[in-house]
Amino acid sequence: MANDAYSKLMELYSEYSALGQVEMLMGWDLETYMPQGAAEMRGVQSSVVGAMRHRMITSRKVKGLLREASRSKGLTEVQRSSLRWLKREHERKTSIPETLVKDMAKLEPLSTRAWIKARNENDFKVFLPLLEKVFELRSKMAEHLGYSKTPYDALLEDFEPGMASSRAANILKGLRSSLVPMVRTIADKGETPDESMVRKGYGEKGQFDFGKRVLHDMGFDMEKGRIDTSAHPFTSGTYNDVRVTTRFDRKDLRSALFAFIHEGGHALYEQGLPKEHYGTPLGEAVSYGAHESQSRLWENQVGRSLPFWKHYAPILRKTFPNMKAVKLEQLYRAFNVVRPSFIRVEADELTYNLHIMVRFEIEKGAMEGKVDLNELPEVWDECYERYLGIRPPSVSQGCLQDIHWSMGLIGYFPTYSLGNLYAAQLMEAARRELRDLDGSIEKGRFGPLLSWLRENVHSKGRLYRAEDLMKRVTGKPLGEEAFISYMKAKFSDVYGLAL
Ligand code: CO
């Protein structure tokens with residue numbers, strides 16, 4: 001019976017999925033509380049769990065069951081979709097030898113530790129040998145996975161299924177041609193907002209309490225999640241155990257605050273996935289781009305908006321006595337300063353995608369053998385000069401700022417830009433469908449927006465491909481128009497210019 005085969009597959013997948021959650025938990029611990037000395041041990045643990053999962057999904061049993069289940073005529077749309085994902089996972093994983101999976105898992109804690117050390121000591125050489133190993137293993141993986149044009153496509157597929165890198169490159173190019181002139185106009189004609197009021201000095205406890213309150217208001221369920229600190233803010237876990245992290249800058253209010261809201265957006269997505277599909281291929285986020293659309297939507301479209309601060313400015317003034325005299329407009333402008341800067345996660349919305357283009361070009365080049373990793377610091381600095389007109393003063397603020405490559409995440413960066421574009425399209429659609437969205441945000445009521453996102457995005461899990469889902473929800477294929485018009489409207493307002 002084919003339906004029997006389907007049930008057996010789902011049973012297997014639920015174990016595979018549970019082990020994946022164990023991996024996530026170990027990854028979370030690695031970046032939060034794990035003692036440095038435990039890196040080797042964690043590497044062994046991760047490689048054992050990783051290999052177990054690998055064996056599970058690539059087994060002959062799965063292959064046979066897949067064949068059997070796919071023959072059935074009576075499958076529902078949901079079942080067919082589930083099978084499609086499972087088959088894809090099986091085929092991709094089967095093409096990669098288990099030894100390679102183990103090697104990658106062993107390498108990750110060591111390369112992450114080396115990255116942290118290199119960044120702290122501002123010494124690229126500490127990281128270089130490990131980074132070379134990461135790219136070497138990923139290249140091997142790409143060869144096993146197969147590709148038609150560039151090995152980069154094989155890796156991008158992990159993060160944004162169905163998206164070719166040539167399409168991502170085109171989208172980024174289109175963005176750049178609109179964004180660069182806007183950045184220039186603002187630099188030439190815009191009056192730089194005063195930022196001193198968000199750079200005064202803030203205790204960590206005040207920052208934590210304020211951020212936690214915002215997360216709570218957004219709808220983050222603390223019974224099913226935690227907030228901690230890490231070198232690089234991230235969200236991990238799913239459903240009833242979702243963990244977000246932030247980091248604190250005592251001299252700049254924005255660093256922790258927007259990390260809170262950003263990670264909160266990721267967390268709401270995970271907490272809102274369809275319960276009926278928990279432990280199946282459909283009970284997972286659809287793509288990294290879609291994930292990032294949730295974080296960026298909350299961080300920027302909501303968290304950096306005037307209505308949002310109408311509600312939170314009085315609370316902020318109460319939390320931090322040194323903010324007592326701050327006016328709403330000042331805050332709004334200080335949270336939306338446009339300035340080419342070195343650190344991606346702290347970049348404004350307008351220049352953010354330029355940071356992504358640098359990484360996309362470099363990692364794609366390195367995968368294709370066109371960028372020599374020995375020269376990464378120089379290549380990086382040159383790209384920053386070309387795209388943002390600035391040169392990082394140190395490798396810590398240059399090519400060592402992001403954790404991704406140390407974790408083997410090559411092909412991940414473009415999803416950040418895709419997320420920005422998805423977010424703009426989603427927000428445009430939400431504004432169309434929800435009555436007085438800004439009015440409710442102004443009152444600190446995020447329920448209507450969250451319900452809309454729950455219904456249209458979160459609860460769909462992986463029923464559709466990311467681009468198809470977005471098209472269903474927004475009525476338009478993925479493009480840069482919504483994002484560009486949002487940028488124009490917002491920064492014309494912030495800077496009093498006609499962009
Ligand atoms: Co994110």
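Atoms within a ligand are numbered from 1 in the order they appear, just like the ligands themselves.
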Flag side-chain contact, heavy atom, 4.5 Å: E204 against T229
no
Protein-side N, O or S atoms sitting under 2.8 Å from the Co ion (ligand 1) are H262 NE2, H266 NE2, E292 OE1
Tell me whether the count of non-hydrogen atoms from other residues, nucleotides or ligands lying under 6.0 Å of CZ in F360 goes above 12.
yes
State whether the number of non-hydrogen atoms from other residues, nucleotides or ligands found under 6.0 Å of R386 atom CZ is greater than 12.
yes
Ring-plane angle category for F413 and Y416, please: parallel below 30°, perpendicular beyond 60°, tilted otherwise.
tilted
Which of parallel (below 30°), tilted (30 to 60°) and perpendicular (above 60°) describes F446 and F308?
tilted
Apply the salt bridge (charged side-chain N to carboxylate O under 4.0 Å, His left out) test between E195 and each candidate in R254, K251, R333; give the one that qualifies.
R254
